[in-house]
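Working notes for the structure below.
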Amino acid sequence: MEYNPREIEAKWQSFWKRTEMFKVTIDPEKPKFYVLDMFPYPSGAGLHVGHPLGYIASDIYARYKKLLGYNVLHPMGYDSFGLPAEQYAVQTGQHPAITTQENIERYREQLDKLGFNYDWSREIRTSSPKYYRWTQWIFMQLFNSWYNPITNRAEPIDELILHFSQEGFDRSTNSVLHGGVETIPASFTSAEWLSFDKKRQSEILMNFRLAYLGESYVNWCSALGTVLANDEVVNGTSERGGHPVERKLLKQWNLRITAYGQRLLEGLDSLDWSESIKETQRYWIGRSEGASIYFPLENGQGSIEVFTTRPDTLFGVSFVTLAPEHELVAQLTTPENKATVEAYVQLSKNRSERERLADVNTVSGVFTGSYAWHPFSQEKIPIWIGDYVLVSYGTGAVMAVPAHDERDFKFATFFSLPIKPVIQPNKEHDFNHNAWELKEGKVINSLFLDGLEVQEAIGKILNEMEDKAYGVKKLNFRLRDAVFGRQRYWGEPIPVFFEDGVPYLIREDQLPLELPVVESYLPTEDGAPPLGRAKNWVYENGSDYEQSTMPGWAGSSWYFLRYLDPNNLTNLASKEAVDYWGNVDLYMGGAEHATGHLLYARFWCKFLFDIGIVPFEEPFKKMINQGMILGRSNFVYRILGSSTFVSGELKDAHNTNPIHVDISLVNNDRLNLEGFKAWRPEFRDAEFILGDSGEYLCGVEIEKMSKSKHNVQTPDELIERYGADTLRMYEMFLGPVEQSKPWDIKGITGVYGFLKKYWKLFHQGGNFEVTEIAPKREHLKTLHKTIKKIREDLDRFSFNTGVSSFMICVNELSESQCNHREILEPLTVLLSPYAPHITEEIWDQLGHVSGSLYNTPFPEYNAEYLIESSFDYPISFNGRMRFKITLPLDLGAKDVEAAVLAHGEYVKWTEGKNPKKIIVVPGKIVNVVL
RNA sequence: GCGGAUGUGGUGAAAUUGGUAGACACGCUAGACUUAGGAUCUAGUGCCGUGAGGUGUGCGGGUUCGAGUCCCUCCAUCCGCACCA
């Protein structure tokens with residue numbers, strides 16, 4: 001009986017489906033384990049071999065945990081709102097839901113063939129109204145909440161409204177707002193609050209709601225007709241499509257993620273994630289402690305607020321710089337400077353982000369003509385404008401201290417402004433060339449700060465400043481509030497309608513607010529989003545709905561919760577389900593979502609925690625980031641101006657042009673000549689100059705997998721040829737999951753051979769046969785050594801070394817022709833997480849007719865079988881291994897040493913010298929020091 | 001520029017606590033078998049050397065009886081961020 005993966009795999013896949021083998025329910029008797037894969041966007045291209053890498057690893061782990069007795073939740077779904085389906089809709093008029101449905105079916109087919117243990121009864125799709133009803137519901141909760149800085153959590157906005165109507169609002173004691181986009185409302189009394197009209201009240205509340213409508217600079221991509229998140233912009237162009245992106249002031253829905261800055265930062269410490277992702281998030285959140293300091297304007301009309309982390313250098317200020325977009329620019333520009341300033345502001349506005357990034361070293365700026373007073377020294381400080389100051393960070397204004405800040409230094413040098421050192425460097429330093437940026441040295445030229453060390457000076461000036469009300473200590477975050485709307489069709493409608501320009505939530509019983517039918521997916525003539533085309537799409541009272549939709553990351557920010565209870569009609573998930581399954585124990589996915597999805601999901605989880613929906617603050621306890629599988633491209637070399645192709649090793653002797661050749665026409669870098677000629681009409685008459693071997697050797701390069709490079713390998717063709725078990729094991733065998741690696745088909749035969757060898761253990765005479773006779777000790781040793789290794793490897797997610805161990809085990813058993821049931825049966829269970837189909841078939845043949853080995857306990861190893869009585873001591877001289885002696889393990893160090901001295905080879909290596917020392921590490925090594 | 005990661009045979013890699021470097025697999029070489037297959041089996045395969053032996057984990061240094069592993073300096077590659085006051 002031959003190993004026939006095609007037959008076996010189809011048989012067991014249908015068996016699992018029929019018996020609902022992977023369906024899980026709450027079982028308080030068992031401990032739970034939640035394994036989650038980042039769900040895919042179902043693209044039209046389908047899966048290539050790189051995609052399942054993480055799914056295979058998590059599947060193996062999930063199966064392992066299941067066999068260990070855990071109740072394992074391992075669901076899958078689709079992040080099915082997204083731009084490609086919509087772009088296709090724009091081009092063809094086909095509804096994105098249809099495209100999406102087709103792509104999902106193709107994905108499902110491919111996933112099913114890999115033998116995953118997903119509980120498909122829990123499948124979710126973010127674009128399904130049954131699902132996005134709850135995405136909309138969460139938005140409504142965000143709209144109805146504000147962040148209370150005293151209790152440090154989200155609270156109902158109604159409580160804040162009540163507070164306003166009883167106490168009013170005092171701006172000076174406000175420390176509510178964290179972000180940079182909002183403006184803090186002016187103070188008002190309770191009576192004033194009650195007298196404000198709805199519009200005014202709504203506008204004030206927008207400064208507090210966690211989901212709010214606010215005017216902010218956004219990344220506007222006119223080619224895509226939408227706003228992009230920071231992480232969707234790459235070098236000033238859109239991540240998808242590479243279209244130019246400009247900064248534009250727009251009224252947008254935003255989420256106040258900045259309110260959670262501190263908690264998002266602190267939460268990282270408790271997570272078992274890669275250091276690299278945690279660092280990226282820390283940097284992205286960008287917490288910095290400092291002070292807001294007010295510089296009164298010379299004209300007496302208020303003051304400029306600057307943010308600084310170096311208040312100790314306050315006496316070194318020689319000018320103040322405003323961002324070109326700063327609100328005071330117009331007011332501060334004197335008539336004689338008006339033309340220059342306006343020209344400069346206009347220029348910086350039109351400069352794309354990309355341009356501004358490109359020339360970091362170019363200094364530009366203009367003087368406004370106005371001055372401010374230094375709060376302590378009462379000096380007159382000129383006010384400049386410079387585009388090195390960003391309006392979105394801090395207060396959009398800096399106090400420039402050229403002696404101690406490199407950018408200020410460049411600016412001052414360029415415009416010949418004074419450079420005044422106030423910290424005495426503790427090393428040699430030349431203030432003519434550089435700023436002294438280190439927080440080291442003694443303060444000088446600074447009145448009451450003189451003589452203090454930097455840290456002491458910071459403490460003192462902060463206290464002094466707050467006493468005199470010249471400024472306040474301030475925590476600042478680089479993190480920006482998240483834009484939560486895009487001018488697109490294929491997304492969740494925002495459950496809001498407008499009445500007299502005031503936004504209101506729709507009633508909860510009106511959820512889901514479904515996407516309306518439109519006849520075209522383009523923006524309307526007057527620039528409104530596609531939803532503006534919907535006919536009669538109004539709320540029950542006749543009011544217009546919000547026309548923008550939610551961004552791509554909305555649905556993925558909470559999907560892990562819906563899997564817990566996917567069909568619940570009255571709640572996002574039942575309390576019972578949330579309490580039992582809890583958060584994700586193992587999250588498998590790409591590292592590219594470091595600052596997008598992974599930050600937003602943490603934010604939503606903390607919010608849902610605050611409002612009592614979930615009992616945990618972090619969604620994903622442990623995360624593993626699978627590496628990318630790169631393509632291995634093959635090249636042929638055409639001699640210029642001819643149709644002659646020269647073999648790779650000879651290409652340098654000719655003037656050639658490399659051409660990507662489809663990897664299916666290449667075997668072990670040797671080109672299939674006939675196949676190549678038939679590949680494309682233009683190559684029909686190709687001629688070849690072959691190498692010495694008589695074959696055509698192709699060139700090789702490692703690149704991303706893509707259609708245009710003809711290096712895409714789909715799982716389907718490999719499963720067809722070798723089976724899913726082989727593919728699963730081979731992907732693991734390639735190397736550590738976290739590492740990126742090139743895909744190379746050629747090693748797959750090794751793994752295929754292994755499975756055949758394993759199969760052969762049971763079919764040595766051609767037919768299935770195992771013996772009930774008790775196995776030899778060496779067999780038991782092989783088995784138990786393997787059990788131990790496999791468990792250890794799985795526990796540390798070292799899937800590649802696990803495959804090697806199986807190979808070693810099967811090699812050893814084959815060599816001694818072992819076919820003892822007592823050995824092969826546990827081995828089969830041990831192997832089943834990696835190769836679920838073949839092991840299920842063997843298990844069946846072993847006589848377990850009714851059941852599946854999916855319900856069998858994982859083998860335990862017995863240390864007794866691993867005990868050795870002797871050991872091959874490596875004998876090294878000065879750390880270099882020379883020979884070995886087999887000695888009993890219970891031999892004492894003295895006796896080991898004696899045995900070494902007595903050994904025939906000993907004299908040869910000592911060269912007659914007396915050893916200085918002999919180190920004996922029992923059971924490990926002997927080292928003779930000469 | 002800042003942050004993170006990675007450098008081991010022709011290739012993918014292993015070496016978990018400092019203790020025999022290169023397990024396992026591909027490829028390659030030689031051979032066997034044959035129902036001529038994308039099959040199976042045997043032997044060999046880091047590099048230099050006929051050999052004894054020498055040498056070897058990106059470079060250079062250090063700690064140690066002993067370093068791929070620990071410390072310092074540098075180099076290369078990949079990823080992320082980028083005027084953050």
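The structure presented is a predicted model; accordingly, all values stated were derived computationally and were not measured. Because only heavy atoms are used, hydrogens play no part in the values below, and waters and symmetry mates are left out as well, while side chains stay in.
Between U69(B) and U57(B), the distance separating the two C1' atoms is 10 Å to the nearest Å. A gap of 25 Å separates the C1' atoms of G51(B) and C28(B), to the nearest Å. If you take atom P in U20(B) and the same atom in G66(B), they sit 15 Å apart, rounded to whole Å. Across G38(B) and G49(B), the matching P atoms stand 38 Å from one another, rounded to whole Å. Here the separation of C41(B) from A14(B), taken at their C1' atoms, is 26 Å to the nearest Å. Comparing the C1' positions of U16(B) and U34(B) gives an interatomic distance of 45 Å, to the nearest angstrom. Only the C1' atoms considered, A21(B) is 13 Å distant from A13(B), to the nearest whole Å. Comparing the same atom, C1', in G22(B) and in C47(B) gives a spacing of 13 Å after rounding to whole Å.
Side-chain contact, S288(A) with Y393(A): a donor N or O sits under 3.5 Å from an acceptor N or O. Using modelled atom types and a 3.5 Å distance limit, the side chains of E305(A) and T395(A) yield no donor-acceptor pair. Using modelled atom types, one finds a donor on one side chain and an acceptor on the other under 3.5 Å when comparing T258(A) with D481(A).
Here F319(A) and F411(A) bring their ring centres to under 6.0 angstrom of each other.
Comparing G753(A) and P874(A) by the nucleotide of RNA chain B whose heavy atom lies nearest to each, the residue mapping closer to the 5' end is P874(A). Comparing N927(A) and E815(A) by the nucleotide of RNA chain B that holds the closest heavy atom to each, the one mapping nearer the 5' end is E815(A).
Distance, I277(A) CD1 to G4(B) P: 14 Å, rounded to whole Å. The interatomic distance linking M729(A) (CE) with C26(B) (C1') rounds to 16 Å, in whole Å. Rounding to whole angstrom units, CD of residue E592(A) and P of C78(B) are separated by 18 Å. The interatomic distance linking D387(A) (CG) with C84(B) (P) rounds to 13 Å, in whole Å. If you take CZ of F754(A) and P of C41(B), they are 14 Å apart, rounded to a whole angstrom. In this entry the distance linking CZ of F877(A) with P of G54(B) reads 12 Å, nearest Å. Rounded to an integer number of Å, the gap from L630(A) CG to C79(B) C1' is 12 Å. L322(A) has its CG atom 17 Å from the C1' atom of C84(B), to the nearest Å.
Nucleic acid contact class of R721(A) (heavy atoms, under 4.0 Å, all strands): base. The residue K884(A) sits close to a base: some heavy atom pair falls under 4.0 Å. Residue V929(A) is in sugar-phosphate contact alone, with no base atom involved, counting any heavy-atom pair closer than 4.0 Å across all strands shown. T321(A) comes within contact range of no nucleotide atom at all, as no heavy-atom separation falls under 4.0 Å. Within the 4.0 angstrom heavy-atom criterion, no nucleotide atom of any strand lies near W743(A).
Here the side chain of I919(A) is nearest to one of C65(B), A82(B), U20(B), namely C65(B). Nearest to the side-chain atoms of I925(A) among the listed nucleotides C41(B), U20(B), C84(B) stands U20(B). Nearest to the side chain of E279(A), among G19(B), G3(B), A82(B), sits G3(B). Among the nucleotides G4(B), C81(B), A85(B), the one closest to the side chain of L390(A) is A85(B).
Between Y834(A) and F806(A), the angle of the ring planes goes over 60°, which puts this pair in the perpendicular group of the 30/60° scheme.
Sorted by first and then second residue, the pairs that involve residues 280-290 of chain A and meet salt bridge (charged side-chain N to carboxylate O under 4.0 Å, His left out), not counting sequence neighbours, are D269(A)-R282(A), E275(A)-R282(A), E279(A)-R282(A), R287(A)-E289(A). Within the structure, no pair that satisfies the salt bridge (charged side-chain N to carboxylate O under 4.0 Å, His left out) test touches residues 800-809 of chain A, not counting sequence neighbours. Screening residues 793-810 of chain A for salt bridge (charged side-chain N to carboxylate O under 4.0 Å, His left out), with sequence neighbours left out, gives K789(A)-D793(A), D793(A)-R796(A). Here side chain to side chain donor-acceptor pair (under 3.5 Å) pairs that include residues 917-930 of chain A, with residues two or more places apart or in two chains, are S876(A)-N927(A).
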Checklist line | Annotated protein contacts, base or backbone, on nucleotides 7-15 of chain B with a non-hydrogen cut-off under 4.0 Å, one of B, S, - each | finding: -----BSSS

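For the atom pair L475(A) CG and F477(A) CZ, the distance stands at 5.0 Å (nearest 0.5 Å). Here the CD atom belonging to Q713(A) is positioned 6.0 Å from the CH2 atom belonging to W743(A), to the nearest 0.5 angstrom. Separating the CG atom in D387(A) from the CG atom in L347(A) is a distance of 8.0 Å, to the nearest 0.5 Å.
Within the 4.0 Å cut-off from OP1 or OP2 of G80(B), not a single side-chain nitrogen or oxygen of K278(A) is found. Phosphate proximity of G3(B) to Y283(A): absent, as no side-chain N or O sits under 4.0 Å from OP1 or OP2. Residue R882(A) places at least one side-chain N or O under 4.0 Å from the OP1 or OP2 atom of G54(B). The phosphate of A25(B) has OP1 or OP2 within less than 4.0 Å of a side-chain N or O from N811(A).
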Next item on the list: Dot-bracket notation for RNA chain B is requested: 5' to 3', Watson-Crick or G-U wobble pairs only, both distances under 3.5 Å, with ( ), [ ], | and . as defined.
Entry: (((((((..(((......[....)))((((((.......))))))(((....)))..(.(((..]....))).))))))))....

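G80(B) shows a glycosidic angle more than 90° from 0 and is accordingly assigned anti.
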